[in-house]
Amino acid sequence: MTQRILTGITTSGTPHLGNYVGAIRPAIAASRHADTDSFFFLADYHALIKCDDPARIARSRLEIAATWLACGLDPERVTLYQQSDIPEIPELTWILTCVTAKGLLNRAHAYKAAVDQNTAKGEDPDTAITAGLYMYPVLMAADILLFNANKVPVGRDQVQHIEMARDVGQRFNHIYGKAWRAAGGKHDPFVLPEPAIEESVATLPGLDGRKMSKSYDNTIPLFEGGPKAMRDAIAKIVTDSRAPGEPKDPDSSSLFAIYRAFAGDAESSVFRNALESGMGWGDAKQKLCERIEAELAPLRERYDALLARPGDIEDALHAGAKKARAIAGPRIEIMRRAVGLGSLAVPADTTKAGKKADKCARIVSFRDESGFRFRLLGPDGEELLLSRAFADPRSAGQASRALSADAASMSLVVLDAARFGFTHDHATLAESITFADAADRDAALALTRTALASLREDS
Ligand code: TRP
């Protein structure tokens, strides 16, 4: 089964080594697997919660997009976009806000920390806390649930937000799922996401040993400032005062943990032994610089080239937003209907709904000279997908059931500039017609996703 993986980066700063190790690198590696359909986005609405400097937001957006591209993200293969280019996200945020318990948000770590700080200072608990900070988890739930993401790669500090997204999605499914099914929906409106944490390296320590984070001012820059900035930061990693020759405890400084995030087990244990047998901290820092540079130097070169052409980055983001909206549009339609705002919310027993029932998408099986096939037809009888020929009716039936079971449209993929198709277990089982261009293809793909989501009975 294809897994949909989705993750966002808040555009309020410049990517640092912690972002690279904890989020960017594992997410890009995962995006290369055949069974994944990856979504990466710039969480610029989230950035507004933390930062009110427009120039910094704009610069950060560019730097982050360039970083992901430089690190090997292939925008043809994955969907890369900017949150603020997808109006369906704030729309869903409101719908979700209305099923989110206020008490749930009271427990969010970031909000609670802000309240605690105020209280500790003897201030009013809500001093300088915006409703944006309070609502942060709901916006994040919308990011994730809108696209029916299965896996969300995040740092450990974000796990609570994924749990909240599950809570909110579950609550929505509970409240509206029954009516949605009665109106013909085949699945719960939302897939419940799981966090994906790369166990060994998910939280990289910073210069002072605490989690590497902008808010602690203990970061090592990823690309900005070049190798010199990297070396200067590494020189500031806090170590104990043991002199060269004295055995060191590798686990008591960030240095070893950062090294390990870049080196394999064998290399790391050589490094560990060297520290334990007295390598000086200065030498250790030099070795760490070299190890990191070996991985990052070629990426930095690409990063610099990309930043020199911001127009190309914008183009890639706009193309990504178009792809994302082809999915988001039909999805928000489903949610609108589920809560009673959309046209299909007509009660099932009215004549009008009866007529509607005749006019819904369906799968039709047939046989021709090459074998057993099926078609997915849209509400007006138009052909959306034609399957390949199967040797026997059983395998054709299995394939069509796999299609109809996929209300989240996760197996609908773009095949080339003019066609999309339905893939299952690595095989393309059905294809669209050949369209004049990618825009026509995407429009039909969006239609097909809606059709699939509202599929009632196979016949
Ligand atoms: N809150 C995340 C962070 O600061 C960024 C983010 C926003 C995100 N929306 C998301 C991550 C959705 C994963 C999924 O790291």
Side-chain angles (χ1 to χ4, degrees), residues 3-28 30-31 36-51 57 60-61 63-65 67-68 73 78-86 88-90 92-93 96 100 105 108-111 113-114 130 132-169 190-198 202-204 211-216 219 222 320 324 327-328 331:
Q3 288 254 312
R4 182 164 289 169
I5 300 191
L6 175 144
T7 196
I9 284 206
T10 308
T11 56
S12 54
T14 301
H16 55 67
L17 223 53
N19 302 136
Y20 174 73
V21 164
I24 303 171
R25 190 176 59 183
I28 292 178
S31 78
T36 57
D37 178 18
S38 298
F39 285 60
F40 297 100
F41 69 96
L42 308 176
D44 50 356
Y45 279 138
H46 277 102
L48 297 184
I49 297 170
K50 294 191 191 162
C51 172
I57 297 263
S60 166
R61 248 178 9 183
E63 286 176 355
I64 291 174
T67 298
W68 285 68
L73 191 76
V78 309
T79 306
L80 171 69
Y81 55 98
Q82 192 166 292
Q83 189 183 29
S84 63
D85 280 342
I86 316 293
E88 289 83 2
I89 294 175
L92 181 59
T93 300
L96 295 179
T100 302
L105 300 181
H109 297 324
Y111 167 73
T130 64
L133 177 66
Y134 193 67
M135 292 291 297
Y136 183 118
V138 189
L139 177 58
M140 186 154 157
D143 291 332
I144 298 169
L145 297 173
L146 180 61
F147 292 101
N148 261 344
N150 303 100
K151 285 257 154 34
V152 185
V154 284
R156 217 172 275 290
D157 62 313
Q158 293 289 321
V159 169
Q160 189 197 32
H161 291 143
I162 314 299
E163 281 160 5
M164 290 184 162
R166 287 178 67 90
D167 268 15
V168 171
F190 292 120
V191 164
L192 303 181
E194 308 265 357
I197 304 167
E198 211 189 324
T203 325
L204 200 67
K211 177 195 172 221
M212 190 179 290
S213 162
K214 275 180 300 224
S215 32
Y216 295 147
T219 62
L222 178 58
I327 295 167
R331 289 278 301 152

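Atoms within each ligand, like the ligands themselves, are counted from 1 in listed order. Nothing fancy with the numbering, it's 1 onward along the sequence. Since we're looking at a predicted model, the values are computed, not measured.
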Only residue of Thr93, Thr10, Ile162 satisfying side chain to side chain contact (heavy atoms under 4.5 Å, CB included) with Met140 is Ile162

Side chains of Thr14 and Leu222: does their closest heavy-atom pair fall under 4.5 Å? no

Under the 3.5 angstrom rule, does the side chain of Thr36 hit a backbone N or O of Ser38 as a donor-acceptor pair? no

Have Asn148 and Arg4 got a donor and an acceptor in their side chains that come within less than 3.5 Å? no

Tabulating one pair per line, provide the atom names and distances (0.1 Å) for every N/O atom of ligand 1 that is less than 3.5 Å from a protein N/O atom.
residue, atom, partner, partner atom, Å
ligand 1, 1 (N), Tyr136, OH, 2.5
ligand 1, 1 (N), Gln158, OE1, 3.0
ligand 1, 4 (O), Thr10, OG1, 3.1
ligand 1, 4 (O), Tyr136, OH, 3.1
ligand 1, 4 (O), Gln158, NE2, 3.4
ligand 1, 9 (N), Asp143, OD2, 2.7

Result of checking Phe39, Phe41, Phe40 against Phe147 for ring pair (Phe, Tyr, Trp, His ring centres under 6.0 Å): Phe39

Counting N and O atoms only, with roles assigned by atom type, does the side chain of Gln160 sit under 3.5 Å from a partner on the main chain of His109, one being a donor and the other an acceptor? yes

